[in-house]
Amino acid sequence: MVYTIPIRTALILFPFVLILLLIPFLIWQYRKYGSISSWRFAVTFSFVFYLLTAYFLIILPLPSKKYVARLAANHYPTYNLDPLMVIKEFIQTNPLITKGLTAWKAGLKDGTFIQPFFNILLTVPFGFFLHYYFRANLKRCVIISFCLSLFFELTQLSGLYGLYARPYRLFDVDDLILNTIGGIIGFSLVPIFQKMLPDLHEITEKSKEKSEKISFVRRLIAFLIDILMIQLIAAIIQLFIKNRQLFWIEEILGCLIVGFIFPLIFKWSTLGMKVVKIRYGSTINNKSMKLWQLLTRNIVGFGLTLGNFFAFNIALKMIWEVKVDDRFIYIGLSLVLLLPLMFFAIDYLLVLKTGHRTWYEKLSRTKLVSNFKTQTIK
């Protein structure tokens, strides 16, 4: 069936959209709520999937250029600005009107019923999401539903943004009306299903309670942002270093700026940590963080970890570049370096368990604490 093409296309593309939006979504959750709610995750990406499917429903299947040329040759209209034309056509041609109730099956299958019905149905979920999840009032729901419909209609009127020489679907003012009605119906359905759905206020309160726990995902996002920042700083520094024998200098400077300078500027947070609202804290009788703790944690801790990793890679590389008689030396060195590397890996994997403190956190007597202010939750 033609209507399955947009749905199948949305199913294929949705995983890629999910990957693209996942990190921004997680950052937004941590900044707004202090933790990740599985229900908010499910509802948000259900909404994304709905929008993706709705968009494909109004543009797919794509016609051939020959088909569009025939529309132009036959002077097929590109728009209808006569409101309530759907009602006039229903009254004039629908079998329910012309033949009576005995033709109810034919009437329900007729285009004068199916097309308006699906135009209303298209935006019912949109109105539901707006009311339940985004807390929009009726006025806002009407305006946003109309704007969504207008976007769809302009997409069709533009010939899919100029891809086609002329529109291959009709810009119809009735569609604007029907889509807006669909949004209003979706808005009105929320009170009926409210008791079956989780209370978002309760979910927010649970997020507030969980905000003090530093999850693995929260740490990972901060780490990825900091790694990206290190590479960006290294790339900028590289522009000023012409001697390529010193290629490692920019990486070290990037690590120092992100791991040492930024925490001094951002009150014991790296840039990544600041984004997800966490900071370094001291475990010494709840005293404030000290400079030596930051040095121990980031320079000694990460220095040993990264140094061990790079030394292990160099030893592996040298095995194949030296003479056969010297290979056993580098094989032995690789095995020696592998032991602390395995320890570091296991220790970092244990961070998956919330509350685990790594070896460098114990050494520096530091921990990660939430910098999230619960009063910011609405």
Side-chain angles (χ1 to χ4, degrees), residues 1-63 118-119 121-134 136 144-145 147-149 151-152 154-156 158 160-161 163-164 168-169 179 182-183 186 193 196-198 200 203-204 206-207 210 214-229 231-232 272 275-277 345 348-349 351-354:
M1 292 180 64
V2 174
Y3 286 109
T4 65
I5 295 174
I7 298 172
R8 280 183 287 157
T9 305
L11 284 170
I12 292 169
L13 291 181
F14 178 68
F16 299 99
V17 176
L18 175 61
I19 292 170
L20 185 66
L21 297 179
L22 183 59
I23 297 298
F25 168 78
L26 294 176
I27 290 173
W28 170 62
Q29 287 285 289
Y30 282 124
R31 292 195 63 79
K32 187 171 178 63
Y33 302 106
S35 64
I36 303 298
S37 162
S38 57
W39 179 248
R40 286 188 187 277
F41 178 89
V43 174
T44 299
F45 285 100
S46 295
F47 181 64
V48 171
F49 178 72
Y50 156 72
L51 287 179
L52 197 64
T53 305
Y55 180 73
F56 286 139
L57 281 168
I58 63 104
I59 68 168
L60 296 179
L62 296 177
F118 276 102
N119 271 311
L121 194 62
L122 180 67
T123 51
V124 168
F126 189 69
F128 193 93
F129 277 113
L130 286 179
H131 189 184
Y132 169 69
Y133 190 57
F134 296 102
I144 298 174
S145 296
C147 289
L148 177 69
S149 178
F151 167 71
F152 288 161
L154 291 176
T155 297
Q156 294 175 338
S158 67
L160 197 54
Y161 320 116
L163 181 63
Y164 293 95
Y168 60 92
R169 292 190 180 180
N179 291 159
F193 295 96
M196 303 180 197
L197 298 169
L200 288 179
I203 291 173
T204 298
K206 289 179 181 178
S207 295
K210 290 167 58 181
I214 312 300
S215 67
F216 171 78
V217 175
R218 198 169 179 181
R219 294 177 69 144
L220 179 62
I221 294 173
F223 176 75
L224 291 175
I225 293 172
D226 288 336
I227 289 294
L228 183 64
M229 185 56 57
Q231 296 307 312
L232 179 61
V275 168
V276 296
K277 295 195 173 183
Y348 298 150
L349 284 173
V351 175
L352 286 166
K353 180 182 178 182
T354 303

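- No side-chain donor-acceptor contact under 3.5 Å links R218 to the backbone of Y30.
- Side-chain atoms of N179 do not come within 3.5 Å of backbone N or O of T123 as any donor-acceptor pair.
- Checked against a 6.0 Å centroid threshold, the rings of F25 and F45 count as neighbours.
- The closest donor-acceptor contact from the side chain of S35 to the backbone of S207 lies under 3.5 Å.
- A 4.5 Å side-chain heavy-atom check between L13 and F56 finds at least one atom pair inside the cut-off.
- Atom-to-atom distance recorded for F128:CZ and L197:CG is 5.0 Å, nearest 0.5 angstrom.
- N119 CG to S149 OG: the interatomic distance, rounded to the nearest 0.5 Å, is 7.5 Å.
- Across all non-hydrogen atoms, the minimal contact from Y50 to L148 is OH-CD2, 4.5 Å.
- Of the N and O atoms on the side chains of R40 and T204, at least one donor lies less than 3.5 Å from an acceptor on the other residue.
- Put simply, the side chain of R31 never gets that close to the backbone of K277: no donor and acceptor are under 3.5 Å apart.
- Between F49 and V17 the shortest side-chain heavy-atom distance does not fall below 4.5 Å.
- At a threshold of 4.5 Å between non-hydrogen side-chain atoms, the residues L51 and F126 count as touching.
- When every heavy atom of Y168 is checked against every heavy atom of L62, the shortest pair comes out as OH-CD2, 3.6 Å.
- The shortest distance between side-chain heavy atoms of Y55 and T155 falls below 4.5 Å.
- The distance from atom CD1 of I221 to atom CZ of F216, rounded to the nearest 0.5 Å, is 10.5 Å.
- More than 12 heavy atoms of other residues, nucleotides or ligands sit less than 6.0 Å from atom OH of Y161.
- We find the CZ-CG distance between F47 and L52 to be 12.0 Å, quoted to the nearest 0.5 Å.
- Between the CD1 atom of I12 and the CD1 atom of I7 there is a distance of 12.0 Å, given to the nearest 0.5 Å.
- A 4.5 Å side-chain heavy-atom check between F41 and L22 finds at least one atom pair inside the cut-off.
- One finds the CD1 atom of I27 at 11.5 Å from the CD atom of Q29 (value rounded to the nearest 0.5 Å).
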